[in-house]
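So the structure is just underneath, and the comments pick up after that.
Numbered from 1 within each chain, the chains take letters A, B, ... in sequence-line order. Predicted model only: the values in this text are computed from it and were never measured.
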2 protein chains.
Amino acid sequence: MDSTCMPKRANGQKTKARLLSTTEKLFASHGFAGVTMRGVATMAQTNIASVNYHFGTKEAMVLEMLKSKIGPINKKRKERLAEAKHNSCNNPLPTSEIFRALILPVGEEVQKHFSNQSNIVNIISRSFTEPASFLEKIHKHFFGELSQIFIDELKLTYPDANEDDIYWNFHFAIASMLGAFAQHRRIKDLTQGRCNENAISEMIKRLIKFVSSGFEAGMNIKL
Amino acid sequence: MDSTCMPKRANGQKTKARLLSTTEKLFASHGFAGVTMRGVATMAQTNIASVNYHFGTKEAMVLEMLKSKIGPINKKRKERLAEAKHNSCNNPLPTSEIFRALILPVGEEVQKHFSNQSNIVNIISRSFTEPASFLEKIHKHFFGELSQIFIDELKLTYPDANEDDIYWNFHFAIASMLGAFAQHRRIKDLTQGRCNENAISEMIKRLIKFVSSGFEAGMNIKL
DNA sequence: TCTTTTTTCAAACGGTCGTTTAAATATTTC
DNA sequence: GAAATATTTAAACGACCGTTTGAAAAAAGA
């Protein structure tokens with residue numbers, strides 16, 4: 001251990017950062033299987049063995065990348081929900097406000113790196129379809145707690161609602177959000193080339209409306 | 001060529017059918033990369049070279065499986081839409097009726113093979129996230145024409161609507177449908193073990209309500 | 001029956017995968 | 001400066017990948 005907490009080598013930390021950044025791009029565009037040690041090493045302009053030196057295994061490397069990407073977004077989601085709660089003097093929130101807190105932080109991240117090939121929602125969405133068992137754990141770790149927070153908030157807004165109604169429609173809401181962002185090809189088709197940051201901003205507003213309305217309509221449904 | 005159009009060997013056709021069935025299971029649970037020639041051959045109780053004999057390449061085999069699974073569902077979707085159209089004397093359909101025609105045929109397929117490991121929506125959903133270029137073609141081939149049919153029908157129901165409104169909310173509807181079915185883990189969490197055919201039937205009703213309401217609310221949205 | 005065609009099979013091809021090794025190089029510590 | 005530590009490197013490991021080969025086995029046609 002050193003007292004400076006700095007890398008031992010001039011570009012030591014930089015190498016690790018480059019590896020994570022490369023992992024991110026490859027995972028976003030080709031999934032877990034598309035992240036190859038040789039590919040990452042080459043794109044990050046380093047040697048294949050240094051990947052193992054910094055992370056141990058491929059799985060650990062992808063895991064660390066996911067943590068670094070999803071963690072901050074979930075933090076913002078909680079903050080935004082708490083802020084809305086505070087602004088409403090702790091009264092129950094409108095449905096749209098709850099889903100705004102859930103969706104906006106992702107949307108902002110998408111907007112930031114939209115032209116980029118490493119779309120955050122591609123990453124999240126891929127995590128949901130990856131079969132690997134270690135990703136299942138990630139889901140539970142990252143989305144389990146967060147889901148509970150938002151479901152609890154929805155229960156406050158709908159105190160008399162059937163619990164099944166809330167669970168199912170929350171499930172649909174998540175699915176809409178992930179699917180809406182993830183399916184790049186269709187977004188580009190829909191915007192017909194004028195797929196820029198404004199288009200994403202528009203999509204986010206539309207999405208919040210879609211999800212909130214669908215959720216509200218699903219409360220007290222007659223089956 | 002033979003006049004009987006029957007297999008030359010007692011279990012010849014059966015072998016090909018077993019291979020397709022195995023491909024289906026592996027693709028549903030592990031994606032394109034998870035379909036390995038050796039895995040398929042072993043599970044189908046045949047030799048690896050016979051895979052190549054029947055299909056030529058792995059890609060061709062997966063493609064044939066996808067065609068056999070998605071084709072009939074799309075056929076049912078069109079039939080159901082045409083039937084609803086006929087029952088309404090060619091008047092514009094309610095939003096929910098249009099989405100029922102889109103969702104029910106998938107739902108029925110899910111219900112049929114739910115306990116099965118080869119969930120049809122897993123297959124469709126995976127097709128949407130697979131990066132392989134040949135799958136992109138499948139999407140356009142299978143979903144391009146179908147999408148247009150349903151969008152045209154929605155335009156009849158909303159003759160004064162902004163076209164962007166229709167496209168975006170249709171995009172959300174598709175995303176909801178695929179995501180809702182595909183994310184198995186959350187469905188099982190939500191139903192807490194009582195995840196049987198009844199639960200799926202309930203989910204489909206809920207999903208149609210969610211999607212229709214979200215879509216309706218998204219028309220003439222103020223951005 | 002014998003011939004022809006269809007189907008299966010064991011074995012091998014070259015290639016890529018994640019991981020490991022051990023030596024070389026850079027950086028920090030003393 | 002020298003010693004200790006941190007990092008990078010080339011090379012190789014065994015395992016699995018999709019595909020191909022050529023011959024055996026089964027079925028069909030004559």
Side-chain angles (χ1 to χ4, degrees), chain A residues 1-23 25-27 29-66 130-135, chain B residues 1-23 25-27 29-66 130-135:
Chain A
M1 294 300 152
D2 61 338
S3 55
T4 59
C5 288
M6 285 299 289
K8 304 300 179 297
R9 192 186 177 126
N11 61 344
Q13 196 80 311
K14 283 180 184 173
T15 295
K16 191 170 180 179
R18 281 202 313 277
L19 286 170
L20 280 177
S21 163
T22 303
T23 301
K25 286 173 192 158
L26 287 176
F27 185 83
S29 52
H30 299 102
F32 184 79
V35 179
T36 68
M37 307 296 263
R38 285 168 183 79
V40 171
T42 301
M43 281 182 64
Q45 300 184 77
T46 182
N47 188 276
I48 183 175
S50 86
V51 176
N52 203 268
Y53 170 76
H54 283 288
F55 300 101
T57 64
K58 167 183 171 180
E59 188 170 303
M61 181 173 65
V62 175
L63 231 140
E64 191 161 326
M65 180 275 292
L66 287 177
E130 286 292 346
S133 61
F134 91 99
L135 280 178
Chain B
M1 292 303 149
D2 61 338
S3 55
T4 59
C5 290
M6 284 299 290
K8 303 301 178 297
R9 191 185 179 129
N11 61 344
Q13 195 80 311
K14 283 180 184 171
T15 295
K16 192 170 179 179
R18 282 203 313 276
L19 285 170
L20 279 177
S21 162
T22 303
T23 300
K25 286 173 192 154
L26 287 176
F27 185 83
S29 53
H30 300 102
F32 184 79
V35 179
T36 69
M37 307 296 264
R38 284 167 182 80
V40 171
T42 302
M43 281 182 64
Q45 299 184 77
T46 182
N47 189 274
I48 183 174
S50 86
V51 177
N52 204 268
Y53 170 76
H54 283 289
F55 300 101
T57 65
K58 167 183 171 178
E59 188 170 302
M61 180 173 65
V62 174
L63 230 140
E64 192 162 324
M65 180 274 292
L66 287 177
E130 285 292 346
S133 60
F134 92 99
L135 280 178

Grab the [atom1]-[atom2] distance between [X] and [N] for me, whole Å please.
| X | N | atom1 | atom2 | result |
| --- | --- | --- | --- | --- |
| B:L26 | D:dG18 | CG | P | 11 Å |
| A:M37 | D:dC17 | CE | C1' | 18 Å |
| A:Y53 | C:dA22 | OH | C1' | 15 Å |
| A:I48 | D:dT7 | CD1 | P | 19 Å |
| A:M61 | C:dG18 | CE | P | 8 Å |
| B:F55 | D:dT20 | CZ | C1' | 18 Å |
| B:K58 | D:dC17 | NZ | C1' | 8 Å |
| A:N52 | C:dA22 | CG | P | 14 Å |

- Message: Need to verify one output field. Residue with the more 5' nearest nucleotide on DNA chain D, B:G56 or B:G39?
- Response: B:G39
- When the nearest nucleotide of DNA chain D is assigned to A:A49 and to B:N47 on a heavy-atom basis, which residue is associated with the more 5' position?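 The residue mapped nearer the 5' terminus is A:A49.
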- Is A:S50 touching bases, backbone alone, or none of the nucleic acid, heavy atoms closer than 4.0 Å?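 Base, at least one base heavy atom under 4.0 Å.
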- Message: At 4.0 Å (heavy atoms only), tell me whether A:V35 reaches a base, stays on the sugar-phosphate, or touches nothing.
- Response: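 Sugar-phosphate only.
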- Item | Spacing of CG belonging to B:L20 relative to NZ belonging to B:K25, to within rounding of 0.5 Å | 11.5 Å
- Distance in Å, B:K58 NZ paired with B:T36 OG1, rounded so as to fall on 0.5 Å steps: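 The NZ atom of B:K58 sits 7.0 Å away from the OG1 atom of B:T36.
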- Message: Quick check: closest heavy atoms across A:G39 and A:L26, and the distance to 0.1 Å?
- Response: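 Shortest heavy-atom separation between A:G39 and A:L26 comes out as C-CD1, 4.1 Å.
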- Item | Any B:T46 side-chain nitrogen or oxygen under 4.0 Å from OP1 or OP2 of C:dC9 |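 Answer is yes, contact under 4.0 Å.
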- Message: So, OP1 or OP2 of C:dT8: does either fall under 4.0 Å of a side-chain N or O from B:T15?
- Response: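 Yes, such a contact exists.
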- Item | Nearest to side-chain heavy atoms of B:H54, which nucleotide of D:dT8, C:dT7, D:dT19 | C:dT7
- B:T36, nearest nucleotide to its side chain (from D:dC17, C:dT19, D:dT7): D:dC17
- Would you say the side chain of B:K16 lies within less than 4.5 Å of the side chain of B:E64, judging by non-hydrogen atoms? yes
- For A:V35, which of A:E59, A:M65, A:M61, A:H30 qualifies under side chain to side chain contact (heavy atoms under 4.5 Å, CB included)?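 Filter result, single survivor: A:M61.
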- Query: Start at the 5' end of DNA chain C and walk down; is the nucleotide closest to A:R38 or to B:Q45 reached first?
  - Reply: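 Counting from the 5' end, the first nearest nucleotide belongs to B:Q45.
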